[in-house]
Amino acid sequence: MGLIKISEHLNGVILFKPQIFEDERGFFMETWRSDQFAEWGLPTIFLQDNHSSSVKGVIRGMHFQFDPPMGKLIRVTSGSAFVVEVDIRHNSPTLGQWIGFDLTAENKHLIWVPPGFANGFLATSDYCEMQYKCTALWNKNGESAINWNDPKIGIDWQFEQPLLSEKDKNAQMLDEWLLQEAAKKLSI
């Protein structure tokens, strides 16, 4: 039982599908196993679980936490979403590149997102619920966001008029974040 790796992207983002046991009563699946994550060299301790709901057309993101760095195991439990990950790791060969996945309650896929990625999603169904396990506790002073529509990244959301929070409307561009981080390193 457990998870099956489907694919790996951008040097760390992993798409999983669970083994599903289904009959006329419904289904059963394991959404995380510490022994499998340990075998794959992934974190086995999660400190916080989050659950959000969104209506169709909402974009949340591109969010990340840098202090302490946060990894996430993400799944959609109701509806569907186009989930996007952007590599914002300074020395990564895939810096600034993105990958998108269609996660749905029906396909039951999960994504492992290591620290150093900005995460966002577009709710593509009338109603969408997303759940994610986090490797760090939320820190208001240690979080940030990259603009969902940064032209240098070029995410193809395939949606023209998203519903956005003020935070997401005013998020910085990736180049601004990289300059800010470089300045911090120089001042140490």
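Atom NZ of Lys5 has more than 12 heavy atoms from other residues, nucleotides or ligands within 6.0 Å. In the displayed structure, Ile4 atom CD1 is contacted under 6.0 Å by more than 12 heavy atoms of other residues, nucleotides or ligands.
Taking hydrophobic clusters as Ile, Leu, Val, Met, Phe, Trp and Tyr residues chained together by side-chain heavy-atom distances below 4.5 Å, Met70 does not share a cluster with Leu42. Residues Val113 and Trp40 do not share a hydrophobic cluster, clusters being chains of Ile/Leu/Val/Met/Phe/Trp/Tyr side chains in contact below 4.5 Å. Follow the hydrophobic side-chain contacts under 4.5 Å out from Leu15 and you never reach Met29; the two are in separate clusters. Leu164 is connected to Trp157 through a chain of hydrophobic side-chain contacts under 4.5 Å among Ile, Leu, Val, Met, Phe, Trp and Tyr, so both are in one cluster. In the hydrophobic clustering of this structure, Met130 does not group with Phe64; members are Ile, Leu, Val, Met, Phe, Trp, Tyr whose side-chain heavy atoms approach within less than 4.5 Å, directly or through other members.
Thr135 contributes a side-chain N or O that, together with a main-chain N or O of Gly71, makes up a donor-acceptor pair within less than 3.5 Å. Although no hydrogens or angles enter the test, the distance criterion places no donor-acceptor pair under 3.5 Å between the side chain of Asn107 and the main chain of Leu103. In this structure a side-chain-to-backbone donor-acceptor pair under 3.5 Å is present from Ser125 to Ser80. For Glu30 (side chain) and Gly2 (main-chain N/O), a donor-acceptor pair under 3.5 Å exists by modelled atom type. With Asn147 contributing its side chain and Met173 its backbone, the two residues share no donor-acceptor pair below 3.5 Å.
The minimum heavy-atom distance between Leu137 and Pro68, with the atom names listed, is O-CD, 4.2 Å. Nearest heavy-atom pair, Pro115 versus Pro69, reported as atom, atom and distance to 0.1 Å: CB-CB, 3.6 Å. Closest of all the heavy-atom pairs between Glu106 and Gly79 is OE1-O, 4.3 Å.
Remark: the Glu129 side chain and the His51 side chain contain an N/O donor-acceptor pair separated by less than 3.5 Å. Remark: the Asp87 side chain and the Thr94 side chain contain an N/O donor-acceptor pair separated by less than 3.5 Å. Using modelled atom types, one finds a donor on one side chain and an acceptor on the other under 3.5 Å when comparing His63 with Asp168. Between His9 and Ser7, the side chains place a donor N or O and an acceptor N or O closer than 3.5 Å (distance only, hydrogens not considered). Of the N and O atoms on the side chains of Ser54 and Arg60, at least one donor lies less than 3.5 Å from an acceptor on the other residue. Residues Asn50 and Gln48 have side chains that bring a donor and an acceptor to within less than 3.5 angstrom of each other.
Here the side chains of Pro18 and Thr31 are not in contact, with every heavy-atom distance at 4.5 Å or above. With a 4.5 Å cut-off on side-chain heavy atoms, Val84 and Phe121 do not count as touching. By the 4.5 Å heavy-atom criterion applied to side chains, Ile153 and Ile146 are counted as neighbours. Looking at heavy atoms from C-beta onward, Ile155 lies out of side-chain contact with Asn149 at the 4.5 angstrom threshold. Side-chain contact between Leu10 and Phe117: present, with at least one pair of heavy atoms (C-beta onward) separated by less than 4.5 Å. Side-chain contact check for Ser53 versus Tyr127: some heavy-atom pair is nearer than 4.5 Å. The closest side-chain heavy-atom distance from Cys134 to Asp49 is not below 4.5 Å. In this structure, the side chains of Gln65 and Trp138 come closer than 4.5 Å at one or more pairs of heavy atoms.
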Task: His109 and Leu3: CA distance, side-chain angles, deciding distance, side-chain contact (heavy atoms from CB on, under 4.5 Å) verdict - done: CA-CA 9 Å; His109 290 172; Leu3 298 175; over 6 Å; no
TODO: Go through the steps to decide whether Val86 and Gln97 satisfy the test side-chain contact (heavy atoms from CB on, under 4.5 Å), and finish with yes or no.
DONE: CA-CA 6 Å; Val86 175; Gln97 294 180 27; over 6 Å; no
- [ ] In sequence, state the C-alpha distance, the side-chain angles, and the governing distance for Ile111 and Ile14, and then conclude on side-chain contact (heavy atoms from CB on, under 4.5 Å).
- [x] CA-CA 6 Å; Ile111 303 171; Ile14 301 171; over 6 Å; no
- [ ] Determine, step by step, whether Glu85 and Lys72 satisfy the salt bridge (charged side-chain N to carboxylate O under 4.0 Å, His left out) criterion, reporting the C-alpha distance in whole Å, the side-chain angles of both residues, the deciding distance to 0.1 Å, and the verdict.
- [x] CA-CA 11 Å; Glu85 307 305 329; Lys72 299 175 183 175; over 6 Å; no
Open item on the list: Apply side-chain contact (heavy atoms from CB on, under 4.5 Å) to residues Lys152 and Asp175 and explain how you reach the verdict.
Closed with: CA-CA 9 Å; Lys152 188 168 184 177; Asp175 284 345; 3.0 Å; yes
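With rounding to the nearest 0.5 Å, the separation of CG in Leu95 from CD1 in Ile88 is 9.0 Å. For the atom pair CD of Gln131 and OG of Ser78, the computed distance is 10.0 Å after rounding to the nearest 0.5 Å. Ile6 CD1 to Glu8 CD: the interatomic distance, rounded to the nearest 0.5 Å, is 13.0 Å. Atom CG of Leu110 and atom OH of Tyr132 lie 14.5 Å apart (nearest 0.5 Å). Note: Trp148 CH2 to Met62 CE = 11.5 Å, rounded to the nearest 0.5 Å. One distance of note links CD1 of Ile59 with CG of Leu163; it measures 9.0 Å at 0.5 Å rounding.
Taking the six-membered ring where the residue is Trp, Phe82 and Trp98 present perpendicular rings, their angle passing 60° and hence far from 30°. Classified by interplanar angle (parallel below 30°, tilted 30° to 60°, perpendicular above 60°), the ring pair Trp112/Phe37 is perpendicular.
A salt bridge links Arg33 to Asp35: one of the charged nitrogens lies within less than 4.0 Å of a carboxylate oxygen.
Relative to the ring axis of Phe159, Lys56 does not place its NZ or CZ within 45° and under 6.0 Å from the centre. Figure legend: cation-pi geometry between Lys133 and Trp32, with NZ or CZ positioned under 6.0 Å from the six-membered ring centre and within 45° of its axis.
The side chain to side chain contact (heavy atoms under 4.5 Å, CB included) with Val83 is formed by just one residue from the set Thr124, Asn119, Asp102; it is Asn119.
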